[in-house]
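One structure is given here, and the rest of the page talks about it.
As a basis for the values below, the full set of heavy atoms in this structure was taken, side chains included, without hydrogen atoms, waters or symmetry mates. The sequence lines fix the lettering, A, B, ..., with proteins before strands; numbering per chain opens at 1.
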Amino acid sequence: MKKIIPAVKGTRDFYPEQMAVRTWLYETVRKVSEAFGYQEWEAPILESLELYAAKSGEELVTKQSYVFADRGGNQITLRPELTPSLARMIAQKQNQLVFPVRWWSFGPFWRYEQTQKGRSREFFQWNIDLLGADSPEADAELVAIAAGFFKAVGLRPAQALIYVNDRRLMDAEFEALGVAPDRRMDVAGLVDRRDKMEADAWQAYALELGLSARQLDGLGALLDDRSRWQKSAELRRLFACLEALGVKEYVEYDPSIMRGLLYYTGTVFEAFDVAGSVRRSILGGGRYDNLLADVGGEPLPAVGFAMGDAVIGIVLEELGLLPADLQVGPAEVLVTVFSPDLQLESLRLAADLRQAGLKVSCYPEPAKLSKQFKYADRTGVAVTLVVGPDEAAEGRVAVKELASGTQELVARAEVAAAVKRLLESRVP
RNA sequence: GUGCCUGUAGCUCAAUGGCAGAGCACUUGACUGUGGAUCAAGAUGUUGCGGGUUCGAGCCCCGUCAGGCACCCCA
């Protein structure tokens with residue numbers, strides 16, 4: 001007990017309280033996903049390094065991935081994201097699947113990065129994707145799912161918003177500004193960083209990247225123009241769809257949303273909490289129409305997003321939106337053990353009650369009743385049973401409801417029914 | 001990889017360079033067959049680790065490790 005080997009940095013221990021939150025999040029994600037007709041799926045946790053090499057981004061692959069050689073000498077990666085696995089699995093069965101495919105998943109991912117608020121090295125992520133539809137309507141569906149999730153957890157538009165942009169629009173704007181195609185990734189990075197840097201530093205950085213003063217002015221005007229989306233036919237349709245879907249108030253056009261991943265080709269979006277302490281995105285995604293072809297499949301349009309559990313967990317906690325009744329009691333009933341000679345009788349009683357469908361734990365050894373009752377109280381048990389010498393002789397059981405403190409003697413055969421009555425009459 | 005902050009009892013935290021403490025939790029009893037509330041008693045420490053300064057270090061200095069936060073980067 002003196003020396004406890006510490007948990008691996010960046011991992012989180014899920015004690016029952018935290019596990020209850022994670023399970024609740026998972027169930028909420030499931031409900032929202034299924035409400036839109038999506039099917040749950042899962043990919044391997046181990047993947048080949050080369051799966052990510054093509055399109056996941058230099059930083060993610062070379063610096064943030066957990067990579068090791070297996071005994072066969074293959075370079076194996078603990079998956080840092082899901083989309084490449086999705087592309088692979090779709091490509092493998094491309095001729096058998098019925099499109100559009102709507103899939104969702106919730107599982108663990110690993111990235112070796114500096115731990116800080118909202119960022120751990122092991123995290124859980126909701127992924128949801130629609131493949132085989134190339135329309136603003138499909139994009140709108142994914143944005144609406146994100147908004148639907150916010151509604152489901154009680155986040156209001158004043159608390160969390162989804163910011164949308166379109167890389168095609170930005171590409172056209174960059175073209176109009178005369179930014180060479182091979183410089184656009186840099187400029188995209190510049191755009192992405194505008195809110196994070198001081199204005200002076202940002203401008204200096206822009207000039208450093210080789211932008212002319214005229215281009216810088218144009219870029220500034222572009223980023224300040226919140227109605228520029230109307231120049232994009234796709235975004236006009238997208239916003240019309242969002243209104244029809246009843247989630248318009250959750251969505252805003254934001255020209256500074258670019259997203260880092262290389263494979264996005266069209267609509268991109270990212271959600272942030274509006275006022276909270278976390279400046280990281282709650283979720284993010286977009287359209288990636290080239291990825292299937294890039295991993296060796298037939299070209300296939302796709303759109304999707306991902307949401308990590310850490311940031312949303314902090315946001316919901318800070319806003320008091322985590323359900324208060326998540327604590328799962330260990331059992332409804334505790335059977336006490338009066339004495340060594342009555343231990344087997346207690347075990348028989350517990351077994352009978354379980355047979356009747358109750359959640360029952362039995363104290364593991366004879367102990368003072370005060371200790372056993374205290375244990376029942378501290379662990380949240382609703383009903384405690386005592387089989388002492390008197391009860392055993394009469395073929396009865398003492399049934400005590402802890403909340404009210406009332407106790408009655410019940411015939412052995414009637415205990416299950418009596419306990420069930422108590423549990424039903426209990427005020428939650 | 002860079003910077004800032006923090007490491008003291010199981011937990012949360014005190015302690016001018018001068019006897020290491022409190023609250024909560026825990027154990028026992030008041031209560032020999034019954035939880036919560038109350039009261040009483042009790043147990044609990046290599047002050048993260050290693051050096052240095054000092055008559056004397058939890059406190060000051062150096063190093064180191066761990067954690068948190070912010071950069072970097074980023075779903």
Side-chain angles (χ1 to χ4, degrees), chain A residues 1-12 15 52 55-65 79-84 109-121 123-128 188-189 192-193 196-198 201 257-264 268-272 277-286 288 304-312 314 334-339 342 363 366-392 397-409:
Chain A
M1 199 58 193
K2 274 296 171 204
K3 188 179 179 185
I4 298 171
I5 295 169
V8 173
K9 186 183 176 75
T11 61
R12 287 166 296 163
Y15 289 87
Y52 306 98
K55 285 288 168 178
S56 290
E58 177 77 7
E59 177 90 8
L60 187 59
V61 176
T62 61
K63 292 192 177 142
Q64 296 196 338
S65 288
R79 61 183 191 186
E81 60 164 337
L82 190 64
T83 307
F109 296 84
W110 293 265
R111 288 188 193 175
Y112 193 85
E113 58 185 337
Q114 265 322 315
T115 57
Q116 51 186 305
K117 195 171 189 180
R119 278 286 179 275
S120 53
R121 289 179 177 176
F123 56 99
F124 288 78
Q125 195 173 73
W126 175 30
N127 282 265
I128 184 160
D192 205 39
R193 211 160 303 178
K196 296 175 183 169
M197 297 176 73
E198 298 294 324
I257 298 295
M258 291 298 289
R259 313 221 8 102
L261 287 186
L262 299 175
Y263 49 62
Y264 289 116
V268 286
F269 56 94
E270 212 163 345
F272 291 87
S277 69
V278 198
R279 306 233 332 250
R280 297 175 178 286
S281 60
I282 296 172
L283 58 86
Y288 50 101
F305 70 82
M307 180 186 80
D309 66 323
V311 174
I312 188 68
I314 293 168
L334 176 76
V335 180
T336 59
V337 177
F338 190 89
S339 58
L342 284 165
Y363 206 81
K368 296 175 66 168
L369 282 182
S370 62
K371 193 171 178 182
Q372 299 189 52
F373 270 84
K374 186 165 190 172
Y375 176 78
D377 185 52
R378 295 292 299 272
T379 54
V381 167
V383 176
T384 304
L385 307 182
V386 179
V387 188
D390 301 345
E391 290 86 354
V397 173
V399 178
K400 180 167 184 177
E401 186 188 19
L402 291 184
S404 63
T406 57
Q407 179 169 317
E408 57 182 339
L409 281 172

(message) Test of understanding: with ring pair (Phe, Tyr, Trp, His ring centres under 6.0 Å), list the residues that count as partners of A:Y288, not counting sequence neighbours.
(response) A:Y263
(message) Using the ring pair (Phe, Tyr, Trp, His ring centres under 6.0 Å) criterion, which residues pair with A:F124? Sequence neighbours excluded.
(response) A:F14
(message) Whether A:Q116 contacts B:rA70 is assessed here as follows: a side-chain N or O lying under 4.0 Å from the phosphate OP1 or OP2. Is that the case?
(response) yes
(message) Both A:D309 and A:V386 contact RNA chain B. Which one's nearest nucleotide lies toward the 5' end?
(response) A:V386
Rounding to a whole Å, what distance do you find between [X]:[atom1] and [N]:[atom2]?
X	N	atom1	atom2	result
A:I314	B:rC69	CD1	C1'	12 Å
A:E113	B:rG68	CD	C1'	16 Å
A:D377	B:rA37	CG	C1'	11 Å
A:F272	B:rA75	CZ	C1'	11 Å
A:Y52	B:rC74	OH	C1'	16 Å
A:M258	B:rA75	CE	C1'	16 Å
A:L409	B:rG33	CG	C1'	12 Å
A:R121	B:rC73	CZ	P	18 Å

(request) I would like to know whether A:F338 and A:E391 meet side chain to side chain contact (heavy atoms under 4.5 Å, CB included); could you show each step before the answer? (result) CA-CA 11 Å; A:F338 190 89; A:E391 290 86 354; over 6 Å; no
Base, sugar-phosphate alone, or nothing: which one does [X] contact when heavy atoms must sit under 4.0 Å apart?
X	result
A:G285	nothing
A:G284	nothing
A:A403	base
A:Q372	nothing
A:F109	nothing
A:V381	nothing

(message) Could you report the tightest heavy-atom contact between A:G284 and A:Y264, atom names first, then the distance?
(response) O-OH, 4.4 Å
(request) Looking only at non-hydrogen atoms, find the nearest pair between A:T115 and A:S120 and report the distance. (result) CG2-CA, 4.5 Å
Ignoring hydrogens and angles, does a donor from either the side chain of [X] or the base of [N] sit under 3.5 Å from an acceptor on the other?
X	N	result
A:E270	B:rA75	no
A:E401	B:rG35	no
A:R119	B:rC74	yes
A:Q407	B:rU34	yes

Considering only the [atom1] atoms, how many Å lie between [N] and [M], rounded to the nearest integer?
N	M	atom1	result
B:rA9	B:rG45	P	11 Å
B:rC4	B:rU64	P	13 Å
B:rU12	B:rA25	P	15 Å
B:rG50	B:rG7	C1'	16 Å
B:rG48	B:rC59	P	8 Å
B:rG63	B:rC71	P	26 Å
B:rC5	B:rC73	P	24 Å
B:rA57	B:rC62	C1'	15 Å

(request) List the steps, then state whether side chain to side chain contact (heavy atoms under 4.5 Å, CB included) holds for A:V311 with A:R119. (result) CA-CA 8 Å; A:V311 174; A:R119 278 286 179 275; 4.3 Å; yes
Name the pairs: protein N/O against N/O of nucleotides 25-32 of chain B, kept only if under 3.5 Å.
unit_1	atom_1	unit_2	atom_2	d
B:rC26	OP1	A:R378	NH1	2.1
B:rC26	OP1	A:R378	NH2	3.4
B:rG29	OP1	A:K368	NZ	3.2
B:rG29	OP2	A:K368	NZ	2.9

(request) Without swapping roles, check the side chain of A:R111 against the backbone of A:Q64 for a donor-acceptor pair under 3.5 Å. (result) no
(request) Counting heavy atoms from C-beta on, name the nucleotide in B:rG33, B:rA70, B:rG35 closest to the side chain of A:K400. (result) B:rG35
(message) So if I take every side-chain heavy atom of A:E81 and compare against B:rA75, B:rU34, B:rC73, which nucleotide ends up nearest?
(response) B:rA75
Please produce a list of atom pairs where a protein N or O lies less than 3.5 Å from an N or O of nucleotides 65-67 of chain B.
unit_1	atom_1	unit_2	atom_2	d
B:rG67	OP2	A:K9	NZ	3.2

Under 3.5 Å, which N/O atoms of the protein pair with N/O atoms of nucleotides 2-6 of chain B?
none

(request) Just do the side chain to side chain contact (heavy atoms under 4.5 Å, CB included) check on A:K400 and A:T336 with the steps written out, would you? (result) CA-CA 11 Å; A:K400 180 167 184 177; A:T336 59; over 6 Å; no
(message) Please convert RNA chain B into dot-bracket. A pair counts if it is Watson-Crick or G-U wobble with both distances under 3.5 Å; crossing pairs go in [ ] and bases paired with another strand get |.
(response) (((((((..((((....[..)))).(((((.......))))).....(((((..]....))))))))))))....
(request) Output the distance between atom CG (A:D390) and atom CG (A:L409), rounded to the nearest 0.5 Å. (result) 9.0 Å
